[in-house]
Amino acid sequence: MKRCLTSLVVLGILLTTTVIWACSVPVFRYALERWPADKYSAVLFHRGSLTPEQQQLISHFDQAGTIAQKSANVELKLVDLDAEPAPEDLALWKAQKSETLPLLVMRTPLPAPVPTGFWSGEPTEENISRLIDSPLRQNIAKQLIDGQTAVWVFLESGDAAKDKVARELLVKELKRMEKTLKLPEIEQADIEQGLVSVSPDSLKLKFSMVTCSRDDSAEQSLTQMLLATENDLKDFDSEPMALPVFGRGRVLYALIGKGINPGTIEQACRDLTGPCTCQVKDQNPGTDLLMSVPWEKLVTPATQDEKELPPLTGLTSFSNSDAEKNDSASMPQLLNKQVGSESQATEKPVAEEAGPSETVAEAVSTETSEGTTLTAESQGAAPVHYKIELFLLVGSVVLVILLAGSYMLLARKQ
């Protein structure tokens with residue numbers, strides 16, 4: 001009886017917590033507006049003082065540096081091997097099995113699916129530029145900002161016949177999902193509490209697909225990043241993979257080989273289009289990609305005019321004067337329409353209509369013609385459902401009191 005009463009108390013608390021943190025906004029939209037991208041860890045191993053050239057290079061990671069200006073979700077950690085590094089840092093260094101110094105190691109957000117890192121190499125301008133951005137990532141970001149439910153990345157295996165079968169099946173099933181799935185009805189209370197900044201009628205149920213070749217040198221960092229979103233994906237290098245990307249570049253999980261089938265595709269689509277049962281990001285599946293996108297400034301209501309986006313640039317081409325111009329411009333010229341010449345990776349929409357590859361980069365001003373911008377950033381954190389919380393809190397207290405009283409009465413009889 002004691003165990004039963006204790007279980008009921010715990011169950012009541014869990015149910016209360018779950019209800020408080022649930023909302024009717026679809027997962028993909030809530031993630032786009034409310035879940036900031038987790039930061040990647042760039043660990044630079046060295047011995048002793050860095051040279052002036054190396055200091056200049058790592059200055060890109062400073063708060064006022066190029067990478068911060070590009071809004072890339074990455075932070076730098078310096079580890080001097082001559083200064084008694086922490087045990088975990090020393091273990092990471094030994095796991096690289098390299099004598100190259102300085103050595104840059106990139107890891108997905110902690111707890112990292114691949115704790116030893118997904119890439120290591122010399123900290124050069126070219127390497128850092130490719131790590132923090134690429135044409136295909138800009139393409140994905142552009143579609144998500146434009147309101148796509150999810151962008152599916154089809155990672156080729158290299159086996160043309162196997163890739164063709166899996167790709168065609170994925171395209172077919174995504175079309176079917178667009179026709180059969182329905183978005184949840186968003187409750188008026190959630191709208192009033194600011195949990196979604198756009199009209200529910202403007203939300204799209206639209207899936208697209210982009211293809212990434214493992215042999216594309218411009219997308220090598222993205223390929224390695226995708227394979228690091230789970231700890232065993234590198235074991236399936238001979239199989240095609242399909243990875244849905246939603247929100248601010250978050251990979252849900254990978255479908256592999258024969259796992260790319262109608263049932264698993266439908267389940268992933270339902271997971272993304274259903275109501276957000278838990279607003280706490282860390283309690284939801286997925287791993288964020290490293291992307292250079294000013295999400296807070298670009299995630300705006302669909303009713304506003306579409307924002308033009310700045311061209312993709314490397315580190316060396318981004319000067320202080322350029323940054324000042326971007327800050328002072330109210331609406332810079334941003335479209336850079338390149339038909340995939342920068343990369344072998346080409347967009348393949350579900351509708352199979354070829355379109356230009358568009359890019360996203362530096363932060364932009366988001367003032368509208370009326371002088372007001374509705375963004376996830378300007379709204380701040382979603383207000384708490386005070387009335388609901390108060391009701392549930394009172395209910396929980398009453399439940400606990402009743403159960404405690406029952407327990408005392410039973411204890412007396414024993």
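In this text, all values refer to a predicted model and were calculated from it rather than measured experimentally.
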Counting only heavy atoms not in [X], do more than 12 sit closer than 6.0 Å to its [atom1] atom?
X	atom1	value
Gln188	CD	yes
Glu122	CD	no
Glu88	CD	yes
Glu185	CD	no

Would a 4.5 Å heavy-atom cut-off, applied to side chains only, mark [X] and [Y] as touching?
X	Y	answer
Glu156	Asp215	no
Asp288	Arg248	no
Pro102	Phe45	no
Phe207	Cys269	yes
Ser71	Val293	no
Phe28	Leu183	yes
Asp38	Arg250	yes
Leu290	Met106	yes

If you measure from [atom1] on [X] to [atom2] on [Y], what distance do you get to the nearest 0.5 Å?
X	Y	atom1	atom2	result
Phe118	Leu233	CZ	CG	13.5 Å
Ile58	Glu53	CD1	CD	12.0 Å
Leu226	Glu219	CG	CD	9.5 Å
Leu203	Thr273	CG	OG1	11.5 Å
Thr287	Leu243	OG1	CG	10.5 Å
Leu104	Thr100	CG	OG1	12.0 Å

Of the non-hydrogen atoms in [X] and [Y], which two are nearest, and what is the gap between them?
X	Y	answer
Ser134	Ala218	CB-O, 3.7 Å
Leu92	Pro115	CD1-O, 3.7 Å
Leu32	Leu144	CD2-O, 3.8 Å
Trp93	Ser98	CH2-O, 3.1 Å
Phe236	Arg214	O-NH2, 3.7 Å
Arg137	Leu222	CG-CD1, 3.9 Å

Do the charged groups of [X] and [Y] touch, with an N to O distance under 4.0 Å?
X	Y	result
Lys258	Glu239	no
Glu168	Lys172	no
Asp89	Lys77	yes

Under 3.5 Å, side chain of [X] to main-chain N/O of [Y], donor-acceptor pair present?
X	Y	result
Arg107	Val43	no
Asp80	Ser49	no
Asp163	Gly158	yes
Gln143	Ser208	no
Gln96	Thr116	yes
Asn73	Met291	yes
Asn231	Pro113	no

Given Ile67, Val74, Thr66, Ile132, the one that forms side-chain contact (heavy atoms from CB on, under 4.5 Å) with Ser292: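 Only one of Ile67, Val74, Thr66, Ile132 forms a side-chain contact (heavy atoms from CB on, under 4.5 Å) with Ser292, namely Ile132.
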Could you verify whether a donor N or O on one side chain and an acceptor N or O on the other, from Tyr30 and Asn284, lie under 3.5 Å apart? no
Just by distance, with hydrogens left out, do Asp62 and Ser59 show a side-chain donor and acceptor under 3.5 Å apart?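 No, because no side-chain N or O of Asp62 sits under 3.5 Å from a partner of the opposite role on Ser59.
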Side chain to side chain contact (heavy atoms under 4.5 Å, CB included) between Leu255 and Trp152, intermediate numbers included: CA-CA 10 Å; Leu255 307 184; Trp152 285 71; 3.7 Å; yes
Pair Glu178-Lys206, salt bridge (charged side-chain N to carboxylate O under 4.0 Å, His left out): steps then yes or no: CA-CA 6 Å; Glu178 290 178 349; Lys206 185 71 175 176; 3.7 Å; yes
Stepwise side chain to side chain contact (heavy atoms under 4.5 Å, CB included) test for Thr108 and Thr229: CA-CA 7 Å; Thr108 52; Thr229 57; 5.6 Å; no
For side chain to side chain contact (heavy atoms under 4.5 Å, CB included), just list the numbers for Asp146 and Gln148, CA-CA rounded to whole Å, side-chain angles, deciding distance to a tenth of an Å, and then say yes or no. CA-CA 6 Å; Asp146 284 348; Gln148 290 279 333; 5.6 Å; no
Hey, mind stepping through Thr223 and Cys212 against side chain to side chain contact (heavy atoms under 4.5 Å, CB included) and telling me if it holds? CA-CA 8 Å; Thr223 297; Cys212 182; 3.5 Å; yes
